[in-house]
K.L.:
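Provided herewith is a single structure, encoded as structure tokens, for subsequent inquiry.
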There are 2 protein chains.
Amino acid sequence: MAILERIHLAIIREVEAQGSLTAAAKQLNLTQSALSHAITKLESQIGVDIWRREGRSLKPTQAGEFLLSIANRLLPQLTHAEERLRQFAQGERGTLRIGMECHPCYQWLLKIVAPYLDLWPKVDVDVRQKFQFGGIGALFGYEIDMLVTPDPLFKPGLHFTPVFDYEQVLVVGPDHPLRDVQFVAPHQLAEETLITYPVPADRLDIYTQFLTPAGISPRRHQPIETTDIMLLMVAHGRGVAALPRWLVEESAGTFNIHPVRLGQDGVAKQIFLGLREADAEIDYIRAFIKLASTSKDPYRILEKI
Amino acid sequence: MAILERIHLAIIREVEAQGSLTAAAKQLNLTQSALSHAITKLESQIGVDIWRREGRSLKPTQAGEFLLSIANRLLPQLTHAEERLRQFAQGERGTLRIGMECHPCYQWLLKIVAPYLDLWPKVDVDVRQKFQFGGIGALFGYEIDMLVTPDPLFKPGLHFTPVFDYEQVLVVGPDHPLRDVQFVAPHQLAEETLITYPVPADRLDIYTQFLTPAGISPRRHQPIETTDIMLLMVAHGRGVAALPRWLVEESAGTFNIHPVRLGQDGVAKQIFLGLREADAEIDYIRAFIKLASTSKDPYRILEKI
DNA sequence: TCCCCACATGAATCATATTCATTGAATTAT
DNA sequence: ATAATTCAATGAATATGATTCATGTGGGGA
């Protein structure tokens, strides 16, 4: 009845990675013959070829492509399950895999994780930043257990909790004309170089909440990967950036940078912690959320003017 | 290296379903002994017990619960993969599993599926309505391939296409005082019995787009499962309901019911077809969307007043 | 054209999953 | 209480089938 076994998925995956059956066999600690037999049997049982044998090269057939996608989806979940079981055996509770969809939150996260690791010595923490299908997909796909995001999604199956509020501000260098103004208006950025993380404009609050509503675009838009380089560029007058106020104030010692309010009322932001509803009762996950929530105060909340 | 096999997951799942090892073994066409050996070996390899043996009854341990959740998640995907492979073998293309998050859309869907089945004889269609983690979760979890919903979600990994627009109207019986008014105002429903599908109020447009903004609640709220009974109740003066105008007009021959516009401008609605981005290129899926989109016209679009 | 490399194949072997037979323990009936 | 019954565990025997070894075939590069 059941014909598709783990080994088949592993073979299909490894063949794709190695490009040949022989190489895949070696990688899986099998002989070439064993692998060949296994695949032959599988192909005869399902009644379809998995690869098109074009001379010596192997191209996956439609069924092969399909199996490959299954393998890539299910095998990681199986190996992760085994890891967790091994952790259970050693008295550990598990690994909390945290996904980040908010670049500057990394600093904040570190401040939560540090005490958490002490409070929960039996729980490991892992932080990931890249997801093939976005943070939500990673949650649903069991790639991560928790998601740090400015962008909650109130849907069945998921649960989001706000964990901290902050003000998004413009960051300018020491010689910048806007350095000492009370607040900046959108049109004042029309001739600026705007430095942002390399994500689409509709995921950047400076656009969605400030520039776009006013119909303004900056003169130039410069994507930068890391926060430090971004701040360095700003400090040296190469442009302006939009970042959390607390980050700017913390970095003010290292870089010569200055925060400026965006608009008269400022841009208020909230960061959420998302998780699968099924996990909501797990003690070490609840504890993390609680810890993250009670840490609201360390950072300056946007005061209402 | 790899210890967790499909058989183990199947056993864990079946033991939960049957309540005893012996019964589970019978179900899986194994002897009790074989199953016992398999589990003993697995437990020794992972180093944790899977059940707490309290006398003769079995309670899953923490690890057991964990494995059970893995089994419930992964086994259906494996069996579905095998089904698809079998379909490949028979020259079929696959099964399009459509999820519905929109009760009255069922009628509309039938009108799309009927010609689709003729156009794509090698593709089967399956329609599902219950999802443990909501429609989005079902898409991400590969329980369905397409989602019919009024509630799109523009996130990486998913793709939503609007497929038809319609007007949501109030349905009243033949003797109802509101039967012949031009349109109804929220406060006019304050003394009514409102019949809806059994879903939370925040998922019902009559609340979110009409009653709640005006701060009105109906006198009574009556949940009903099926559209036919709902219409029957309305026709016999037991209450009013909110449904698509096209549905009301189609059913007007069978039931003595009448549509009334909700508010001066009416309540406009859109239905979306959602799918995984990874599937967006599959020909028979594209074809379905195209077919669904070109069918926009059959139903009366909400005219702007 | 020759050689090498990659895959396929059949028979032999080996591993291990499954069964059979039996025991002990827990539950139910008498 | 005690017997009968049900269920799970265990060890040895067996059978299944996965893996290896030895060998063959064919394509592509020198």
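Every value quoted in this text rests on a predicted model; they were computed, and no experiment measured them. Order of the sequence lines fixes the chain letters, A, B, ..., with proteins taken first and strands second; residue numbering starts at 1 for each chain.
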K.L.:
Do B:T196 and B:H221 have a side chain donor and acceptor closer than 3.5 Å?
P.N.:
yes
K.L.:
Hey, is the main chain of A:P152 close enough, under 3.5 Å, to the side chain of A:T149 for a donor-acceptor pair?
P.N.:
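Here the side-chain-to-backbone pair does not exist.
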K.L.:
With a 4.5 Å heavy-atom cut-off, do A:L117 and A:V125 have their side chains touching?
P.N.:
yes
K.L.:
Does D:dT19 have OP1 or OP2 under 4.0 Å away from a side-chain N or O of A:S33?
P.N.:
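No, because none of the side-chain N or O atoms of A:S33 sits under 4.0 Å from OP1 or OP2 of D:dT19.
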K.L.:
Would you mind reading off the distance between A:L28 atom CG and D:dT20 atom P, rounded to a whole angstrom?
P.N.:
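Roughly 11 Å, once rounded to whole Å.
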K.L.:
Would you kindly check whether a donor in the side chain of B:Q32 faces an acceptor in the base of D:dA9, or vice versa, at under 3.5 angstrom?
P.N.:
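Yes, a donor-acceptor pair under 3.5 Å.
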K.L.:
Cut-off 3.5 Å, side chains only: do A:Y197 and A:T227 have a donor facing an acceptor?
P.N.:
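Yes, because at least one side-chain N or O of A:Y197 sits under 3.5 Å from a partner of the opposite role on A:T227.
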K.L.:
Rounded to the Å, how far apart are B:L21 CG and C:dA26 C1'?
P.N.:
14 Å
K.L.:
Would you tabulate the pairs of protein nitrogen or oxygen atoms and nucleotide nitrogen or oxygen atoms of nucleotides 16-18 of chain D closer than 3.5 angstrom?
P.N.:
| unit_1 | atom_1 | unit_2 | atom_2 | d |
| --- | --- | --- | --- | --- |
| D:dA18 | OP2 | A:K41 | NZ | 2.8 |

K.L.:
Quick one: is D:dC7 close enough that its OP1 or OP2 comes under 4.0 Å of any side-chain N or O from B:S20?
P.N.:
no
K.L.:
At under 4.0 Å, does any side-chain N or O of B:S36 touch on OP1 or OP2 of D:dA9?
P.N.:
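Result: yes.
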K.L.:
Could you tell me how far apart B:L58 (CG) and C:dA26 (P) are, to the nearest whole angstrom?
P.N.:
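Whole-Å distance recorded here is 13 Å.
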K.L.:
In plain terms, say whether B:E43 and B:R53 are close enough for a salt bridge, that is, a side-chain N and a carboxylate O under 4.0 Å apart.
P.N.:
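Result for this pair is yes, salt bridge flagged.
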K.L.:
Looking only at the side chain of A:H37 (C-beta and beyond, no hydrogens), which of the listed nucleotides D:dT19, D:dC7, D:dT10 gets closest?
P.N.:
D:dT19
K.L.:
OP1 or OP2 of C:dA26 sitting under 4.0 Å from any side-chain N/O of B:R53?
P.N.:
no
K.L.:
For residues B:K59 and B:W51, determine if any side-chain heavy atom of one lies less than 4.5 Å from a side-chain heavy atom of the other.
P.N.:
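Contact flag for B:K59/B:W51 side chains = no.
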